[in-house]
Amino acid sequence: LFCPCLVYGAYVFLPFDAPLLPTISARLVYTLRCAAFATFPIVLGMIISGISRLCSSALEPFGELQREVEIHRTYVSQSVHLFILYFFNMAVLATYLPQEILKLIPLLTGLFAISRLIYWLSYAIGRSFRAFGFSMTFLPLLAMLLWNLYSMFVLEPENLLA
C-alpha cells in the first residue's frame, strides 16, 4: 500500500514533466539516462563493501567473510540482479506508456534507489527487518512486469514482434 501512495503523491505534487518523446528510441534513451541514477545505491554498496573488506580483521583475505563484509557483499549482489530486472522492465514500460504518463519513469527510478537504500539499512539492522525494503523494490517491479505483459498480449498483440 505504501509504494502506490508514494508514487502517486510524487506524480501529483512534484513539479516536473517528462520531455516530449515521440519515438521509441528517444524513450529508450530517456529510460537509460534515468536508470543511470538507479545505479547510485549499487555503486555506493560496492565502495562500502570494499572499505569493509579492507578494514576487516580477517587473517585470510579470501577466507570466511565476517558479518559486516557479508552484509555489503550480499546487498550488492542482490541489487545488481534486481537492477537488471528493473532496467529491462522499465525499458519495455517506456515503450508502452503514453506521453502524459512518462513522468513515471524517473519516479520509479527514484523509488528503486530509495528502496534499495532502505533495504540495505534494514538488512544491516537485522535480517528480520529487510522485508519492507525488499517489498518496496520487488512489488513495483512485479507491477511493471504485469503491466508490460498486459500491454504486450492484450492491448497491442498485433505489435508483439514488430
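Numbering starts at 1 and runs along the sequence shown. Below, each value reflects all heavy atoms present in this structure, side chains not excepted, and no hydrogens, waters or symmetry copies.
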Would you check if the side chain of S52 reaches a backbone N or O of I48 as a donor-acceptor pair within less than 3.5 Å? yes

Take Y86 and T109, measure what side chain to side chain donor-acceptor pair (under 3.5 Å) needs, and give me the verdict at the end. CA-CA 9 Å; Y86 157 80; T109 301; 2.4 Å; yes

Between R27 and A94, is there a donor-acceptor pair closer than 3.5 Å when you use the side chain of the first and the backbone of the second? yes

When rounded to the nearest 0.5 angstrom, what is the spacing between CG in L44 and OG in S49? 11.0 Å

Does any N or O in the side chain of Q99 come within less than 3.5 Å of the main-chain N or O of P22, such that one atom is a donor and the other an acceptor? no

Determine whether M144 and I101 fall in the same hydrophobic cluster, where Ile, Leu, Val, Met, Phe, Trp and Tyr are linked whenever their side-chain heavy atoms lie under 4.5 Å apart. yes

Hey, would you say the W120 and Y123 ring centroids sit under 6.0 Å apart? no

Sub-3.5 Å donor-acceptor pair from the side chain of N148 to the main-chain atoms of N89, do we have one? yes

For Y119 and F134 the tightest heavy-atom approach is CD1-N, 3.6 Å

Residues that, via side-chain heavy atoms closer than 4.5 angstrom, fall in one hydrophobic cluster with V29: none

Is there a donor-acceptor contact under 3.5 Å from the side chain of T39 to the main chain of I42? no

Roughly how far apart are C34 SG and L104 CG, rounded to 0.5 Å? 11.0 Å

So Y150 and W147, would you call those rings parallel, tilted or perpendicular, with 30° and 60° as cut-offs? tilted

L149, V92: one ILVMFWY side-chain cluster at the under-4.5 Å cut-off? yes

When rounded to the nearest 0.5 angstrom, what distance separates CG in L102 from CG in L107? 11.0 Å

Got a sec: does the CD1 of I125 have more than 12 other heavy atoms crowding it under 6.0 Å? yes

Judged by modelled atom types alone, do S79 and R116 share a side-chain donor-acceptor pair under 3.5 Å? yes

Measure the CG-CZ distance between L28 and R33 for me, rounded to the nearest 0.5 Å. 12.0 Å

Under a plain distance cut-off of 3.5 Å, with no hydrogens placed, do T74 and E70 share a side-chain donor-acceptor pair? yes

Common cluster, F138/F88, ILVMFWY with side-chain heavy-atom separation under 4.5 Å: yes

Given the rule in the side-chain contact (heavy atoms from CB on, under 4.5 Å) test, do L93 and L108 qualify, once you have shown the distances and angles that lead to the verdict? CA-CA 11 Å; L93 182 69; L108 289 171; 3.9 Å; yes

Of all the heavy-atom pairs spanning V76 and G45, show the shortest one and how long it is. CG2-C, 3.3 Å

Find out if a path of hydrophobic residues (ILVMFWY) with successive side-chain heavy-atom gaps under 4.5 Å connects L21 to L32. yes

Hey, quick one: are V43 and L82 part of the same hydrophobic cluster, counting side-chain heavy atoms closer than 4.5 Å, chains of contacts allowed? no

Here the pair of heavy atoms bringing P106 nearest to K103 is CD-O, 3.2 Å

Assess the residue pair T137 and L111 against the criterion (side-chain contact (heavy atoms from CB on, under 4.5 Å)); give the C-alpha distance rounded to whole Å, side-chain angles, the decisive distance to 0.1 Å, and a yes or no. CA-CA 8 Å; T137 305; L111 179 67; over 6 Å; no

Atom CE in M90, atom OH in Y30: separation rounded to 0.5 Å? 10.5 Å

How does the hydrophobic cluster around F37 look, that is, which other residues are in it when side-chain heavy atoms under 4.5 Å mark a link? none

From Y96 OH over to I24 CD1, what is the distance, rounded to the nearest 0.5 angstrom? 8.5 Å

Counting C-beta onward and ignoring hydrogens, is there a side-chain heavy-atom pair between L141 and F112 closer than 4.5 Å? no

